[in-house]
2 protein chains.
Amino acid sequence: MTDKIPELEVLFELADLFKVFGDSTRLRIMYTLFDGENSVGAIAESLSMEQSTISHQLRVLRTNKLVKVRRDGKQIYYSLDDDHVKKIIEMGLDHVLE
Amino acid sequence: MTDKIPELEVLFELADLFKVFGDSTRLRIMYTLFDGENSVGAIAESLSMEQSTISHQLRVLRTNKLVKVRRDGKQIYYSLDDDHVKKIIEMGLDHVLE
DNA sequence: ATATCATATGAACAATTATTCATATGTTCA
DNA sequence: TGAACATATGAATAATTGTTCATATGATAT
């Protein structure tokens, strides 16, 4: 019960983390990566969105250490970088689906 | 693994849910309620924030079914309305604290 | 080298949002 | 009824953010 309240600084980081999950485009990108790595172009095509949009959002995910990168020739492959990602999303789904 | 990707509509709801967690004031309010119900004024005072700010944010939490309300005389008491709240927050903390 | 392909990045714009101020609503007590 | 208290609400403002367009960077192959 009586959980210790984190420092304000930590709460800001926590809020920032949840902000990352608070955008449907980023959620869709993460779902795209549930099955394994994927290239930027492939993600963009599979979501029918602009390459630039995906690239911008991947940067957000990267900055927050939710995805990691691998380059292979001209293409750059992204994959999930955190075990919690799926868990956090599924926990949210539990709530949404009642 | 191969989780089924939720409908777009569900993904929007999911994003909306995470948006609620993506604000430090709301996180602080939720932490305030970890130990049990609390009145608006008490929350405002304990966070040293304006009553109006807290009230606005409590409405967001209420709308998203994360807190529930009880009136007792002049005061209105809020409490967490969902078992997932703590779990979602703690899962996020796990990531933030590495 | 240069053309081509894949991705990243910066600027601009529209849309969303958190907070504040002022005020309204609703409750209690005299 | 009226005063005092607790909370809610609307309007206004400042700040943040997602997308697009145009362009830059980096890699490959000819």
Side-chain angles (χ1 to χ4, degrees), chain A residues 8-9 11-33 37-81, chain B residues 8-9 11-33 37-81:
Chain A
L8 250 189
E9 174 58 34
L11 280 183
F12 284 130
E13 290 179 47
L14 189 53
D16 284 342
L17 175 68
F18 284 125
K19 269 180 204 144
V20 179
F21 287 85
D23 176 76
S24 58
T25 297
R26 287 190 291 265
L27 284 179
R28 295 178 78 196
I29 292 176
M30 290 191 263
Y31 264 108
T32 296
L33 301 179
E37 67 175 12
N38 221 339
S39 73
V40 179
I43 297 172
E45 185 175 13
S46 103
L47 300 185
S48 305
M49 299 187 77
E50 301 228 352
Q51 174 270 321
S52 175
T53 302
I54 302 303
S55 192
H56 276 299
Q57 298 303 353
L58 280 169
R59 181 158 50 108
V60 176
L61 292 171
R62 202 182 337 127
T63 301
N64 285 273
K65 303 215 186 303
L66 296 180
V67 300
K68 55 176 191 283
V69 204
R70 177 177 77 85
R71 173 180 277 268
D72 181 15
K74 279 182 285 191
Q75 323 221 351
I76 296 189
Y77 292 91
Y78 283 86
S79 54
L80 294 183
D81 186 27
Chain B
L8 251 188
E9 174 57 34
L11 281 183
F12 284 130
E13 290 180 47
L14 189 53
D16 284 342
L17 175 68
F18 284 126
K19 270 180 204 145
V20 178
F21 287 85
D23 176 77
S24 59
T25 297
R26 286 190 293 265
L27 284 179
R28 295 178 79 196
I29 292 175
M30 289 190 265
Y31 264 108
T32 296
L33 301 179
E37 67 174 12
N38 221 340
S39 73
V40 180
I43 298 172
E45 186 175 14
S46 104
L47 300 185
S48 304
M49 300 186 77
E50 300 229 352
Q51 174 268 322
S52 175
T53 302
I54 302 303
S55 191
H56 276 298
Q57 298 303 351
L58 280 170
R59 181 158 49 107
V60 175
L61 293 170
R62 203 183 337 130
T63 301
N64 285 273
K65 304 215 185 302
L66 296 180
V67 299
K68 56 178 190 282
V69 204
R70 178 177 76 85
R71 174 181 276 270
D72 181 15
K74 279 182 283 191
Q75 325 221 355
I76 296 189
Y77 292 91
Y78 284 86
S79 55
L80 295 182
D81 186 27

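Labels below follow one simple rule: chain letters A, B, ... track the order of the sequence lines, proteins then strands, and each chain is numbered from 1.
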Donor/acceptor link under 3.5 angstrom from B:Gln51 side chain onto base of D:dA8: yes
Gap between atom CG of B:Leu14 and atom CG of B:Leu8 - 0.5 Å precision: 12.0 Å
For B:Asp16, all residues meeting side-chain hydrogen bond (donor to acceptor under 3.5 Å, both in side chains), sequence neighbours excluded: B:Lys19
Any residue meeting side chain to side chain contact (heavy atoms under 4.5 Å, CB included) with A:Ala44, in chain and number order, not counting sequence neighbours: A:Ile54
Heteroatom pairs (N/O) under 3.5 angstrom, protein to nucleotides 1-4 of chain D:
none

Partners passing side chain to side chain contact (heavy atoms under 4.5 Å, CB included) against B:Asn64 (at least two apart in sequence or in another chain): B:Val20, B:Val60, B:Leu66
Sequence neighbours excluded - side-chain hydrogen bond (donor to acceptor under 3.5 Å, both in side chains) pairs with any residue from residues 42-55 of chain B: none
Partner set under side-chain hydrogen bond (donor to acceptor under 3.5 Å, both in side chains) for A:Arg28, not counting sequence neighbours: none
Least distance between heavy atoms, B:Ser24 atom then A:Ala15 atom: N-CB, 3.6 Å
Whether A:Phe18 and B:Phe18 hold their rings parallel, tilted or perpendicular, with breakpoints at 30° and 60°: parallel
Distance (rounded to the nearest 0.5 Å) between B:Gln57 CD and B:Asp23 CG: 5.0 Å
Gap between atoms CZ and C1', on B:Phe21 and C:dT17 respectively (whole Å): 18 Å
Selected nucleotide, minimal atom distance to B:Met49 side chain, candidates C:dT19, D:dA27, C:dA8: C:dT19
From CG (A:Leu80) to CD1 (A:Ile29), nearest 0.5 Å: 11.0 Å
Whole angstrom value for the distance that separates P of D:dA6 from CZ of B:Arg70: 16 Å
Shortest non-hydrogen separation from B:Leu27 to A:Leu11 and the atoms involved: CD1-O, 3.7 Å
Gap between atoms CZ and C1', on B:Arg71 and D:dC5 respectively (whole Å): 11 Å
Contact residues, residues 39-46 of chain B to DNA chain D [heavy atom, < 4.0 Å]: B:Ser39, B:Val40, B:Gly41
Length of the line joining A:Leu58:CG and D:dT19:P, which is rounded to integer Å: 12 Å
Partner residues of B:Tyr78 under the ring-ring contact (aromatic ring centres under 6.0 Å, His included) criterion, sequence neighbours left out: none
Summary of salt bridge (Lys or Arg N to Asp or Glu O under 4.0 Å) pairs that have at least one residue in residues 65-77 of chain A, sequence neighbours excluded: A:Glu37-A:Arg70
Distance in angstrom units between B:Asp72 CG and D:dC5 C1', rounded: 14 Å
Rounded interatomic separation in angstrom, taking CG from A:Asn38 and P from C:dT7: 10 Å
Side-chain N,O (A:Tyr78) to OP1/OP2 (C:dA6) below 4.0 Å: no
Collect all protein-nucleotide pairs involving nucleotides 14-18 of chain D in which both atoms are nitrogen or oxygen and the distance is under 3.5 Å.
unit_1, atom_1, unit_2, atom_2, d
D:dG18, OP1, A:Arg26, NH1, 3.2
D:dG18, OP1, A:Arg26, NH2, 2.7
D:dG18, OP2, A:Arg26, NH1, 3.4

Note, B:Ile43 side chain near B:Val40 side chain (heavy atom, < 4.5 Å): no
For atom CG of B:Leu61 and atom C1' of D:dA8, their distance in whole Å: 15 Å
Distances for protein N/O vs nucleotides 10-12 of chain D N/O pairs under 3.5 angstrom?
unit_1, atom_1, unit_2, atom_2, d
D:dG10, O6, B:His56, NE2, 2.8

Atom-to-atom span, CD of B:Glu37 to P of D:dT7 - whole angstrom: 12 Å
